[in-house]
Each structure stands twice: as structure tokens, then as C-alpha cells.
Amino acid sequence: MIRSNNYYKILGILIVVLNVLPICNALYLLYMYNFTTRLYIYMYPIYFLVGILTLGLIGIACGVLIIRGKNKPLKYVVTGFLTVLINIILFFI
């Protein structure tokens, strides 16, 4: 059986990885929209991409706090997975 400390570290790493993916995608889209000459049929608004970046950074901060074991890890686990869920929902709208 996994000890609770190792369990929270695994969850923290998972939350960090799941929040890095939308950040990379949003940064890629920001770069492609602003610094290339490609024409897109549909472009996400800049404030939408900045919002995704902000949610991703909040999720990474929660993941790091879970890994370090600060305060109540369950609160940070819920917050981290909520940011992942919101990022997924926003990208599929």
C-alpha cells in the first residue's frame, strides 16, 4: 500500500504535468498568432489564452504545494484538479 506522503507526491506531480500541457499549448498558439504569417479560420482571443495560462500557473502552484506537503493537501488536490478540469473544458468549447 502506498503511504499517504508518497500518494500526495504522486498526485502533485500528476497535477503539475496536467497543468503544463495547456500552458504549452496556449503559449504555442500565442506565438503562432502573433509572430507568424499564417492565417487561421478560427483564433482564440488573447484574453482567453491568458486566462488559460493563469489557470495553469495556479494549478502548478497547487501541485508544488502538494509535493512539498504544505498545510492541508486535500484542499490543494481539489483546487489542482479543478484547474485541470476547467482548462480541459475551455479548450473543447
Side-chain angles (χ1 to χ4, degrees):
M1 184 167 187
I2 298 175
R3 291 184 173 166
S4 64
N5 193 20
N6 290 337
Y7 177 71
Y8 284 124
K9 285 187 179 186
I10 291 170
L11 278 178
I13 292 170
L14 180 68
I15 288 172
V16 168
V17 168
L18 289 177
N19 280 302
V20 165
L21 297 175
I23 286 176
C24 290
N25 192 12
L27 286 174
Y28 173 75
L29 288 175
L30 278 170
Y31 174 77
M32 295 303 284
Y33 292 166
N34 293 313
F35 299 111
T36 62
T37 58
R38 291 187 181 175
L39 180 62
Y40 291 94
I41 294 173
Y42 178 76
M43 292 174 57
Y44 291 115
I46 300 298
Y47 62 85
F48 183 79
L49 296 174
V50 170
I52 290 173
L53 287 171
T54 306
L55 284 174
L57 291 175
I58 291 170
I60 288 175
C62 289
V64 169
L65 288 174
I66 292 168
I67 292 170
R68 289 186 180 178
K70 301 286 182 180
N71 297 336
K72 296 180 181 178
L74 186 60
K75 177 175 71 171
Y76 295 121
V77 168
V78 171
T79 306
F81 278 119
L82 279 176
T83 58
V84 170
L85 182 67
I86 290 170
N87 275 330
I88 290 171
I89 290 171
L90 288 177
F91 262 115
F92 287 111
I93 287 181

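The shortest side-chain heavy-atom distance between Tyr31 and Thr36 falls under the 4.5 Å cut-off. Annotation: side chain of Thr54 is in contact with side chain of Val50 (closest heavy-atom distance under 4.5 Å). Looking at heavy atoms from C-beta onward, Leu11 lies in side-chain contact with Phe81 at the 4.5 angstrom threshold. At least one side-chain heavy atom of Met32 sits under 4.5 Å from a side-chain heavy atom of Tyr40. Using a 4.5 Å cut-off on side-chain heavy atoms (C-beta onward), Leu53 and Leu30 make contact. Between Ile60 and Ile23 the shortest side-chain heavy-atom distance falls below 4.5 Å.
The hydrophobic side chain of Ile41 is isolated, with no ILVMFWY side chain under 4.5 Å apart from it.
Expressed to the nearest 0.5 Å, how far CD1 of Ile52 lies from OG1 of Thr83 amounts to 12.0 Å. Taken to the nearest 0.5 Å, the CG atom of Asn87 stands 11.0 Å off from the CG atom of Leu82.
Connection of Val84 to Leu21 is not established within any shared hydrophobic cluster, with ILVMFWY side chains joined at heavy-atom distances below 4.5 Å, either directly or through further cluster members. In the hydrophobic clustering of this structure, Val16 does not group with Val78; members are Ile, Leu, Val, Met, Phe, Trp, Tyr whose side-chain heavy atoms approach within less than 4.5 Å, directly or through other members. Criterion: ILVMFWY side-chain heavy atoms under 4.5 Å apart, direct or through other members. Under it, Val20 and Ile58 are not part of a common hydrophobic cluster.
At most 12 non-hydrogen atoms from other residues, nucleotides or ligands lie less than 6.0 angstrom from OH of Tyr47.
Classification of the Tyr44-Phe48 ring pair by plane angle, with boundaries at 30° and 60°, yields parallel.
Taking each heavy atom of Cys62 and Thr79 in turn, the nearest pair found is SG-CG2, 3.6 Å. A pairwise comparison of heavy atoms in Tyr33 and Leu49 identifies CE1-CD1, 3.8 Å as the closest pair.
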